[in-house]
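Inspection log for the structure reproduced underneath, given as structure tokens.
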Amino acid sequence: PASTVATDHELAARLDTNRPRCVCGRLARPNVYHFADEHFVVDELAEARFVNWQRAAIAACAAADDGGARLVLLEIGVGQRLPKIRKAFVDVLDAARAAGVRATLVRINPAVDSDASNERDDVVVVRAGCAAALDAIDALAFGGSGGGSDGD
């Protein structure tokens, strides 16, 4: 049978078509709020698409016939100074669990502070830098070399 694992070339092609673009056709800056960001634009349509995508991902996992579907949320580099983002991840986790989906939130941050949500059995805290943690996940899950980068 054909492999369900995409090749690097296939992944690159998918990512290239799924990157935000300006109306002029050039790559756009992601509309991510940074501290005191003067250029952030509230985009209600983008927010609605994101919420719809979340619901679709949860529904797809819930509808899996074999019960083997699992949703893993990766929260990377989000510290306690960003409570809205942390809450958004927990909200998606709770929605997935309420739909009967086996879901886990993985928080990757070298300085994760204590937080009541970290004590949940469906939250895994990885106290490591992003690159090191993702390389380790790659090595464990996909047999990767685990040595893709030196920094975060």
Side-chain angles (χ1 to χ4, degrees), residues 6 8 11-64 68-142 144-152:
D8 288 345
L11 288 174
R14 285 185 211 161
L15 292 174
D16 192 47
T17 60
N18 193 27
R19 294 171 64 188
R21 295 199 175 269
C22 175
V23 293
C24 70
R26 294 179 29 203
L27 287 177
R29 169 191 182 262
N31 194 33
V32 176
Y33 182 79
H34 300 280
F35 296 100
D37 189 344
E38 297 174 3
H39 302 288
F40 180 76
V41 177
V42 175
D43 185 341
E44 292 177 6
L45 183 58
E47 178 65 23
R49 283 193 310 264
F50 182 61
V51 169
N52 287 338
W53 174 82
Q54 290 175 7
R55 290 179 181 153
I58 292 169
C61 289
R70 182 174 187 127
L71 181 64
V72 177
L73 305 167
L74 293 178
E75 181 190 277
I76 302 173
V78 179
Q80 290 212 319
R81 294 181 353 178
L82 302 169
K84 288 182 181 180
I85 295 173
R86 291 171 68 95
K87 183 180 179 325
F89 273 93
V90 172
D91 288 348
V92 174
L93 177 65
D94 289 341
R97 300 290 291 229
V101 173
R102 295 182 315 142
T104 303
L105 169 58
V106 178
R107 286 190 160 143
I108 300 173
N109 195 321
V112 174
D113 299 322
S114 63
D115 179 322
S117 64
N118 289 343
E119 304 303 320
R120 297 170 50 148
D121 64 352
D122 53 0
V123 176
V124 176
V125 176
V126 179
R127 287 181 173 82
C130 173
L134 292 177
D135 282 346
I137 289 169
D138 178 57
L140 289 170
F142 306 108
S145 65
S149 57
D150 294 329
D152 287 335

Only distances under 3.5 Å count here; give the side-chain donor-acceptor pairs of residues 89-100 to other protein atoms, sequence neighbours excluded, each with its distance to 0.1 Å.
residue : atom : partner : partner atom : Å
Asp91   : OD1  : Lys87   : NZ           : 3.1
Asp91   : OD2  : Lys87   : NZ           : 2.8
Asp94   : OD1  : Arg120  : NH1          : 2.9
Asp94   : OD1  : Arg120  : NH2          : 2.6
Arg97   : NH1  : Ala103  : O            : 3.1

Working to the nearest 0.5 angstrom, can you tell me the gap between Glu75 CD and Leu105 CG?
5.5 Å
Separation of Leu71 CG from Asp122 CG (nearest 0.5 Å)
11.0 Å
Enumerate, atom names and distances included, each donor-acceptor pair closer than 3.5 Å involving a side-chain atom of residues 48-55, sequence neighbours excluded.
residue : atom : partner : partner atom : Å
Asn52   : ND2  : Ala48   : O            : 3.3

Measure the CD1-CG distance between Ile137 and Leu74 for me, rounded to the nearest 0.5 Å.
5.5 Å
Which heavy atom of Ile108 sits nearest a heavy atom of Ala128, and at what distance?
CG2-O, 3.7 Å
If every non-hydrogen atom of Arg86 is compared with every non-hydrogen atom of Val78, which pair is closest and at what distance?
NH1-O, 3.2 Å
